[in-house]
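Single-structure report; data block below.
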2 protein chains.
Amino acid sequence: MISNKRRESAKRIRQAAKKLFFTQGYDATTLRQIAFEAGFKVGSLYNHIDSKEDLLLQIMGSVIDDLNERVREAVAAAEGDTIERLRAGLAAHLAFHAERAQEVFIGNTELKSLSEEARSSITQKRLEYESYLGDLIETADAAGLADTIDTKLHVYSFIAQATHIASWYRPDGRLSLEEIVEIYTRFALREIGVFSDN
Amino acid sequence: MISNKRRESAKRIRQAAKKLFFTQGYDATTLRQIAFEAGFKVGSLYNHIDSKEDLLLQIMGSVIDDLNERVREAVAAAEGDTIERLRAGLAAHLAFHAERAQEVFIGNTELKSLSEEARSSITQKRLEYESYLGDLIETADAAGLADTIDTKLHVYSFIAQATHIASWYRPDGRLSLEEIVEIYTRFALREIGVFSDN
DNA sequence: GTCTATATTGCGATAGAC
DNA sequence: GTCTATCGCAATATAGAC
């Protein structure tokens, strides 16, 4: 049971860091603040982390992988034609960015705070994700179900919108998560010229 | 002529700060780096600025005002119907974000680094700008020339895309500024359901 | 107005008692 | 594994010679 306690402490520290990095930024956040928020003294943190950057890496590390997995699963599980698969992928893409807004925001904002090595590994994963979204779009176009303009810019557009959502979404806002996802999905389908009632 | 030299020095310092804040972020940038980049020693900076935050304020301060002015002028100068005016406004909105990418990026990224007072003054200006864009969209819809879905989210969408452009645009990239502006303008008009060949 | 030198503060990280 | 105490360093900002 000792190791469960250890894991809980580490999680509490990550949660505190996530919150503070999100609101203040990585550089402006001190380990003393993180320790206080997690209920520790500074020195104790080092029983659970290697360094401050290690903490940032832990937070950023899983986000891209999870996003990739979530969207691919949604596409695979979708029933219907190419457009339905694309729609399911976009919905998953958008919902993920809202649901995990803080991590997503940190991931998009603090790339510059990582060491060169860590940064390039994450950049590589992002490029692969962009490429996957691009394939979804081109498949729809090739099937004659959409009238795209520029694949790469469509991808950028979808990423920009989702990233932006991560910066303002609140669960108690004017629109529910489902409504936001539905509206932005319609935006996306309109943008790539899908021929149906959107 | 002495005061011209003063102004040039101040400008060099702002330029250096702009570049460094853009690439490293405000907190990660030191006054020593800014001084070096501008060709001064640290102490000399204080003959031209009050503080580090003052420098950030100088940079962020004019961006929103300039954007607002630029877009309103473009709309006023546009010839043609409501859609043409909207199109001109969107093109100015997009071009501004690309042309002044560094300042725009800093303005969108470092709001958290400002003191409460400075931050709220800028937030207020942004809300007014969003409101202006919303009016343009609603006018087109009310004239029966578009089929909008949700005004506020359309505005967010346009801001998200332009902001994103500011983070990747390079003058020597695959697409020229004119091409980027044209493509994103078509995206926008499609998104709000303008009935014409876009 | 620029420089060197320094005051002051607070950071990330470590040592060692309990 | 947590704490207190502290190291070593670099930050913003200031003082005062030139």
- [ ] May I have the distance from A:Gln24 (atom CD) to C:dG10 (atom P), rounded to whole angstrom?
- [x] 15 Å

TODO: Can you sort out the partners of A:Lys11 under salt bridge (Lys or Arg N to Asp or Glu O under 4.0 Å), two or more places apart, ordered by chain and number?
DONE: none

Task: Per-nucleotide pairing state of DNA chain C [Watson-Crick or G-U, under 3.5 Å; [ ] pseudoknot-crossing; | other strand] - done: ||||||||||||||||||

Task: Contacts of A:Glu116 that satisfy side-chain hydrogen bond (donor to acceptor under 3.5 Å, both in side chains) - sequence neighbours left out - done: A:Arg119

TODO: Give the ring-plane orientation class for A:Phe40 versus A:His48, where under 30° counts as parallel, over 60° as perpendicular and anything between as tilted.
DONE: tilted

- [ ] Could you state the atom-to-atom distance from NE2 of B:His48 to P of C:dC3 in whole Å?
- [x] 9 Å

- [ ] Looking only at side-chain atoms of B:Phe40, point me to the closest of D:dG1, D:dT4, C:dC3.
- [x] C:dC3

Open item on the list: Which residues pass the salt bridge (Lys or Arg N to Asp or Glu O under 4.0 Å) test with A:Glu182, not counting sequence neighbours?
Closed with: none

- [ ] Please identify each residue that fulfils ring-ring contact (aromatic ring centres under 6.0 Å, His included) with A:Tyr169, with sequence neighbours left out.
- [x] none

- [ ] Would you mind reading off the distance between B:Leu45 atom CG and C:dT2 atom C1', rounded to a whole angstrom?
- [x] 11 Å

Nucleotide N/O of nucleotides 11-18 of chain C paired with protein N/O under 3.5 Å:
{"from": "C:dG12", "atom 1": "OP1", "to": "A:Lys52", "atom 2": "NZ", "distance (Å)": "3.1"}
{"from": "C:dG12", "atom 1": "OP2", "to": "A:Leu31", "atom 2": "N", "distance (Å)": "2.9"}
{"from": "C:dG12", "atom 1": "N7", "to": "A:Arg32", "atom 2": "NH1", "distance (Å)": "3.1"}
{"from": "C:dG12", "atom 1": "O6", "to": "A:Arg32", "atom 2": "NH2", "distance (Å)": "3.3"}
{"from": "C:dA13", "atom 1": "OP2", "to": "A:Tyr46", "atom 2": "OH", "distance (Å)": "2.7"}
{"from": "C:dA13", "atom 1": "OP2", "to": "A:Lys52", "atom 2": "N", "distance (Å)": "3.1"}
{"from": "C:dA13", "atom 1": "O5'", "to": "A:Tyr46", "atom 2": "OH", "distance (Å)": "3.1"}

- [ ] Can you sort out the partners of A:Glu138 under side-chain hydrogen bond (donor to acceptor under 3.5 Å, both in side chains), two or more places apart, ordered by chain and number?
- [x] A:Thr151

Open item on the list: I'd like to check the ring-ring contact (aromatic ring centres under 6.0 Å, His included) partners of A:Phe158; sequence neighbours left out, ordered by chain and number.
Closed with: none

Task: Nearest-angstrom distance from the residue atom CD of B:Glu8 to C1' of C:dG1 - done: 14 Å

Open item on the list: Test of understanding: with side-chain hydrogen bond (donor to acceptor under 3.5 Å, both in side chains), list the residues that count as partners of B:His154, not counting sequence neighbours.
Closed with: B:Glu191

Task: Value in whole Å for how far the C1' atom of D:dG1 lies from CZ of A:Arg7 - done: 16 Å

